[in-house]
Protein chains: 2
Amino acid sequence: MENSRDQGRPGGRKSAGGKARRQSERLIMNAAERIFAVRGFSGATMEQIAAAAGVPKANIHYYFGTKKNLYQRLIRDICEEWLAAAQSFDDDVPLRALRGYIEAKMDQAWERPYGSRLWANEILAGAPFAAGYISAELHEWLLSRERIIGRWIVEGRIRPVEPRTLIYMIWASTQHYADFASQITLLNNGKALDKESFLAAKRSIADIVLNGLAPLSAKNSP
Amino acid sequence: MENSRDQGRPGGRKSAGGKARRQSERLIMNAAERIFAVRGFSGATMEQIAAAAGVPKANIHYYFGTKKNLYQRLIRDICEEWLAAAQSFDDDVPLRALRGYIEAKMDQAWERPYGSRLWANEILAGAPFAAGYISAELHEWLLSRERIIGRWIVEGRIRPVEPRTLIYMIWASTQHYADFASQITLLNNGKALDKESFLAAKRSIADIVLNGLAPLSAKNSP
DNA sequence: GTCTATAATCTGATAGAC
DNA sequence: GTCTATCAGATTATAGAC
C-alpha cells in the first residue's frame, strides 16, 4: 500500500508535504536568504546556512537536494515577490503611479532587505540563475511601463525624460537602502537607520524624482 | 653586503621593487579586480584569479602573500580613486557642482566598472574590509558636502531636500550602471549598453536630479 | 623570479544509524 | 524525519626545484 515514490527526497510529489516539511523548509530558506545575501552563491557555505537555521547540514540536503537547488528556490521566491511591487505602478495619474511604485519598492527594501541583497549579489555575479526571469517577465514589465511613461510625455503630463533611465533611477535609489545598508549604517555613526529616518528618505526620494518630472507648465504652487 | 630583508616576500621594503614586480602586480591586480567583483571575496578563488591573469597560482602568493592581502590592496586602490570623483563636487554653483559630480561618478562607472562592483560586493558582505575607510574619509566627505548643500537650501538656491538622501540617490543611480550592468544588458536584448546610450543616461540622470532640485522661484523658462 | 608538486584544511554531498 | 560520521573533491598556502 505504501508508495516509495513519496518518501525520502523531495520531488516525489510536486513540492507538497506535511506542515513539518513546510515549516522546516521555511526555516532553512530564511536562513539561506541571509547567508546568500551576504556571501553570494559561491561564497556561502552549507555549514553557515545550517548554523544560521539551527539544523544539521544534512537536513538541508534532505529538503533541498543541492545548494544550487536551494538557491534557485530563493531566486524564484524573490522574483515572485517583486511582481507584487511591480503591480503598484498602475495608476493613470503619473505622480500617483510613480509615488506608489517608489513607496512599494522602499517598503520592500525595509521589510525584506536580504531578498534585495541576494538579488544584488546574483546580478553582480552576472545573473547566472536570474537571467531567464530578467529577459522575460522583467523585460516585458519594463517595456509596458516605458510605453505608459512615453504616453505621459506625449500628453505633456510629465517632463520629457528617458523612461528607462527613470525606472533605473527608481530601482537604484530604492534598492540602495537595502543593498548598501551596511554602508548607510557606518555613515550613520554605526546605528542602523531607524524607521523614521527611513520614512523620511522614502518621502525625500519621491519628492526629488517627482519634482524632477513635473511638467514645465502647471508648476506646483503652494 | 646583501640584505636578506629585501628579497623574497614583499614587505621588506615598503612596497617598492623593480619594474618587473610592478608590472606583475598590476597584471594580477587587474585580474583580481574582475574576479573579486563578480564572485566576492569568499567566492573568488586564487586559481580563478591566476587563470585570469595568466600566471601560476604560486606567483600571486609570491607577490601578495595571502588572498586577504591582495583583496585589501584592491580595496585601498578603489578608495583612493573614489576620492578623485569626490573632488569634482566642488563648484559653488549648485547645479554645476552636482552635474559635475554626477558626471564624474558616471564616467567612473564606465571606465572602471569592476572597481564599482567589487565595492558593491564588499558592502553587501557587510564591509568587513572597507568599514574603517567608510567611517573616516567617506563620512567626513559626506558631512562636508551636506553642509554645502544645506547652505544652498538656506540661501534658496535649491529646493529643500534632505542632503543625505540626495547624495545617496546620486551614488545609487550612477553606480547602478556598473553594478547592475548584467541586468541592464539583459534588458537591452543581451547587448551591453553602448557609449551613446550611456551618455544619454548620464545626461538624463543629471536632468532628473537637477530639475528635482530647481528652486520654486527662478523656474527654467525656455 | 617562476613554476610544479604537495601539504593542510574546507566544502558539498551522502551513508546509514536512530 | 533527524542526525553523526565520512568521503571525494576543491581551495589556500607553502616547499623547493629551476
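A, B, ... follow the sequence lines: proteins, then strands. Residue 1 opens every chain. We use all heavy atoms of the structure for the numbers below, so side chains are in, but hydrogens, waters and symmetry mates are not.
The salt bridge (charged side-chain N to carboxylate O under 4.0 Å, His left out) test applied to B:E81 returns B:R112, not counting sequence neighbours. Take B:E47 and apply the salt bridge (charged side-chain N to carboxylate O under 4.0 Å, His left out) test, not counting sequence neighbours, and it matches no residue. Every side chain to side chain contact (heavy atoms under 4.5 Å, CB included) that A:A172 has, sequence neighbours left out, goes to B:A172, B:H176. Residues that satisfy the side-chain hydrogen bond (donor to acceptor under 3.5 Å, both in side chains) test with A:R145, not counting sequence neighbours, are absent from this structure. Residues satisfying the salt bridge (charged side-chain N to carboxylate O under 4.0 Å, His left out) criterion with B:R34, sequence neighbours excluded, are absent altogether.
If you measure from atom NZ of B:K68 to atom C1' of D:dT11, you get 16 Å, rounded to the nearest angstrom. For A:I28 and D:dT2, the CD1 to C1' distance is 11 Å, given to the nearest whole Å. Distance, B:Q23 CD to C:dT2 C1': 15 Å, rounded to whole Å. C:dT4 atom P lies 12 Å from atom NZ of B:K57, rounded to whole Å. In this entry the distance linking CD1 of A:I60 with C1' of D:dT2 reads 13 Å, nearest Å. Rounded to a whole Å, the CZ atom of B:F64 is 18 Å from the C1' atom of D:dT14.
Of the residues in residues 36-51 of chain B, not one places a heavy atom less than 4.0 Å from an atom of DNA chain C.
Between D:dT14 and B:H61, no contact under 4.0 Å exists linking OP1 or OP2 to a side-chain N or O. Not one side-chain nitrogen or oxygen of B:N59 sits closer than 4.0 Å to the OP1 or OP2 atom of C:dG1. At the phosphate of C:dC3, neither OP1 nor OP2 sits under 4.0 Å from any side-chain N or O atom of B:Y62.
Picking from C:dG1, D:dC3, C:dT4 the nucleotide with the shortest atom distance to the side chain of B:A58 gives C:dT4. Of the listed nucleotides (C:dG12, D:dC3, C:dG1), C:dG1 has the atom at the smallest distance from the side chain of B:R21. Closest to the side chain of B:K67, out of C:dG12, D:dA13, C:dC3, is D:dA13. Of the candidates C:dT2, D:dC3, D:dA13, the closest approach to any side-chain atom of B:S24 belongs to C:dT2.
Using a 3.5 Å distance cut-off with no hydrogens or angles, the side chains of B:S204 and B:D207 do not pair a donor with an acceptor. One side chain, B:S197 or B:D194, offers a donor N or O that lies under 3.5 Å from an acceptor on the other.
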